[in-house]
Amino acid sequence: MEDEAKSKKISRKKVAVLPWMRNPVDVSSFNKCPLNHLPFLHPRYRFLYTSAGKPSIELPSAMLLMRSYHLPVLVNGGTKLEAALCSSGIDSLFPVQVAVWQETIGPGSFERDICVNSPTGSGKTLAYALPIVQTLSTRTVKCIRALVVLPTRDLALQVRDVFATIAPAVGLSVGLAVGQSSIADEISMLIERPKLEAGICYDPDSESRSVELQSAVDILVATPGRLMDHINNTKGFTLEHLCYLVVDETDRLLRESYQSWLPTVLQCTSSTVDSLFASVSTSLSSGFGSLRTIRRVGVERGFKSKPYPRLVKMVLSATLTQDPSKLAQLDLHHPLFMTTGKIRYQLPEHLASFKLICEPKLKPLYLVALLQSLQGEKCIVFTSSVESTHRLCTLLKFFGDLGIKIKEYSGHQHQTLRSKTLRGFREGGIQVVVSSDAMTRGMDVEGVRNVINYDKPPYIKTYIHRAGRTARAGNYGRCFTLLHEDEAKQFKKLLKKADIDSCPTYTVSLDSVQSLRTTYDDALEKLKESVEIETFKKQKIGFKSSSKRKR
Ligand SMILES: Nc1ncnc2c1ncn2[C@@H]1O[C@H](COP(=O)(O)OP(=O)(O)OP(=O)(O)O)[C@@H](O)[C@H]1O
């Protein structure tokens, strides 16, 4: 939001778009592509099988050929990756995935850093996950080669799951650094302990042992805070072999410094010839293990005959920032901008936007009437803050049996509770989630048919991300915005920024609103009591902890 407020001020001064953003690759000019027609993947059938189904060339030479194209190993005439994708219900790639594929595995060959601005739900996660996994499938030594950074824990978990559906198929391990478990547990998942002879105890503080520690993962999905903890404190944790850095939800991640994670990562990964020579001279004295590391850098990280290539960066968002000072932080190399269509803010193709004009004092009643008219369809209700999320959710529960299960989701809740709610929502036990902006970005819950803006979104970016929780992956969805009469004009202006000229009015029956009035009065009374009890409890806890401190 701050980003948008600032960019508003700047836009009045008419900041020029960066030259490389002026002629983007238009993702909408690409079509969906069945997996077996994917360029560079398809020829394997021709190389390997004749029309009679007999192998046309020897398998080992075919394997070599595939390796040179970063193609994964064959299984029964298909690829392990293809099989993994198919078993998770993916039989073709979406346009953004095909476009990115062209620039990575295809002719583009990861030569440029890639910046993707593509609508919510268009499949950006797989767009970067698939080429990375395919390229790394030929690696022989395990170390962190790809790092994906996301702003929240739940988003990181979601992205880890996408990698986990394809990476193990080609023998790659995916790790998570988000602070979901204790730091010790996380370390044990990320770092492989040396295998010791019987009777010898491993001492994690021993300097002499640290050279033997190895990464247990090839791909790491992390949030900035926990990533910094590992960079600063975890023995054996290194990003020196990193080949791919993905900054997902880029504009959100660049908005805050998060302990300067980005400059730190860039510093950890800068592999100049100088530093390489420095490490050669130190490693020569430190034994065979490190010598292997030098060879790994020289051979595996090298492609296109460049022995020590730069780190490839991929940055993505549905509302990618165009602010030059923000983008400069990424230190992009010859960046390629890929965007969908000509409009900066695009909504999903099958999203229908509606407004619902309500009397200010009766807004909760309009919401209940709307929820009832949606008949239990999965729905996310967005409010403007964690406090109003809590209040609204509590109020809805006091409405009695609405026949729908409603839960709250906000940044103030404990992670375990949030995860439980998310699980229930995904599995269908919960039909309505009332959320603060914690669920606005990136969250992918299958079957969400409706999004309701209980509070008007302050910025178009907020509208794009909230609305984008529905109508994902080509599905249909609706976004309703509850407005007071005097907010309508402002809202119209806001939608104009995403080139939305028409936002029809949705109506709920006034009778159903009126019929809820008595229940509403009771619910309001109960809400008042509940707020008082909670305030009292909070004060009591505050008093206890402050008197403890005094003691
Ligand atoms: N090729 C595909 N075929 C079928 N479904 C797909 C494909 N690619 C992605 N999906 C599904 O589409 C949904 C949206 O994908 P994803 O979360 O990557 O979108 P996104 O563009 O990152 O959205 P956001 O901007 O909101 O983060 C997911 O449920 C994912 O499983």
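Note that ligands are numbered from 1 as they come in the structure, with each ligand's atoms numbered from 1 the same way. Note that the numbering runs from 1 along the sequence shown for the chain.
In terms of polar-atom proximity, defined here as any N/O pair under 3.5 Å, T125 does make such a contact with ligand 1. The N/O atoms of G121, backbone and side chain alike, include one that comes under 3.5 Å of an N/O atom in ligand 1. Checked by distance only, ligand 1 and L126 stay at 3.5 Å or farther apart across all their nitrogen or oxygen atoms. Considering backbone and side-chain N/O of R469, one or more are found under 3.5 Å from N/O of ligand 1.
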Please determine whether salt bridge (Lys or Arg N to Asp or Glu O under 4.0 Å) holds for the pair D251 and K461, giving the CA-CA distance in whole Å, both sets of side-chain angles, and the decisive distance to 0.1 Å. CA-CA 10 Å; D251 45 333; K461 278 191 180 185; 3.6 Å; yes
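Of all atoms in ligand 1, listed by their number and element, those nearer than 4.0 Å to a heavy atom of E249 are 27 (O). Using a 4.0 Å cut-off to heavy atoms of P119, the atoms of ligand 1 that qualify are 21 (O). Residue S92 has at least one heavy-atom neighbour below 4.0 Å for each of these atoms of ligand 1: 1 (N), 2 (C), 3 (N).
Residue contacts with ligand 1, taken as heavy atom pairs separated by less than 4.0 Å, involve D444 solely via side-chain atoms from C-beta onward. Counting heavy atoms under 4.0 Å from ligand 1, residue Q97 touches it through the side chain alone. If you look at R472 next to ligand 1, the close heavy atoms, those under 4.0 Å, all belong to the side chain.
Remark: minimum distance from atom 12 (O) of ligand 1 to any protein heavy atom is reached at A473 CB, 3.2 Å. Atom 7 (C) of ligand 1 has as its closest protein heavy atom F94 CE1, 3.3 Å. In this structure, the protein non-hydrogen atom closest to atom 25 (O) of ligand 1 is K124 NZ, 2.7 Å. Of all protein heavy atoms, the one lying nearest to atom 15 (O) of ligand 1 is G123 CA, 3.6 Å. Shortest contact from atom 27 (O) of ligand 1 to any protein heavy atom: G442 CA, 3.3 Å.
When only modelled atom types and interatomic distance are considered, Q415 and D154 share a side-chain donor-acceptor pair under 3.5 Å. Side-chain N/O atoms of E111 and H334 include no donor and acceptor closer than 3.5 Å. No side-chain N or O of T481 forms a donor-acceptor pair with one of K456 less than 3.5 Å apart. Side chains of S325 and D323: a donor-acceptor N/O pair is present below 3.5 angstrom, by distance only.
Checked for salt-bridge contact, R441 and E249 meet the test: a charged N lies under 4.0 Å from a carboxylate O.
Formation of a donor-acceptor pair under 3.5 Å by the K378 side chain with backbone atoms of N450 is not found in this model. For R226 (side chain) and A222 (main-chain N/O), no donor-acceptor pair under 3.5 Å exists by modelled atom type.
Checking L147, L172, V159 one by one against I219, the side chain to side chain contact (heavy atoms under 4.5 Å, CB included) holds for a single residue, L172.
Looking at heavy atoms from C-beta onward, L482 lies in side-chain contact with I452 at the 4.5 angstrom threshold.
Within the 4.0 Å heavy-atom cutoff, G468 does not count among the residues contacting ligand 1. Within the structure, ligand 1 lacks H465 among the residues with a heavy atom less than 4.0 angstrom away. The closest approach between A127 and ligand 1 stays at or above 4.0 Å for every heavy atom of the residue.
In this structure, F30 has its ring center no closer than 6.0 Å to that of F94.
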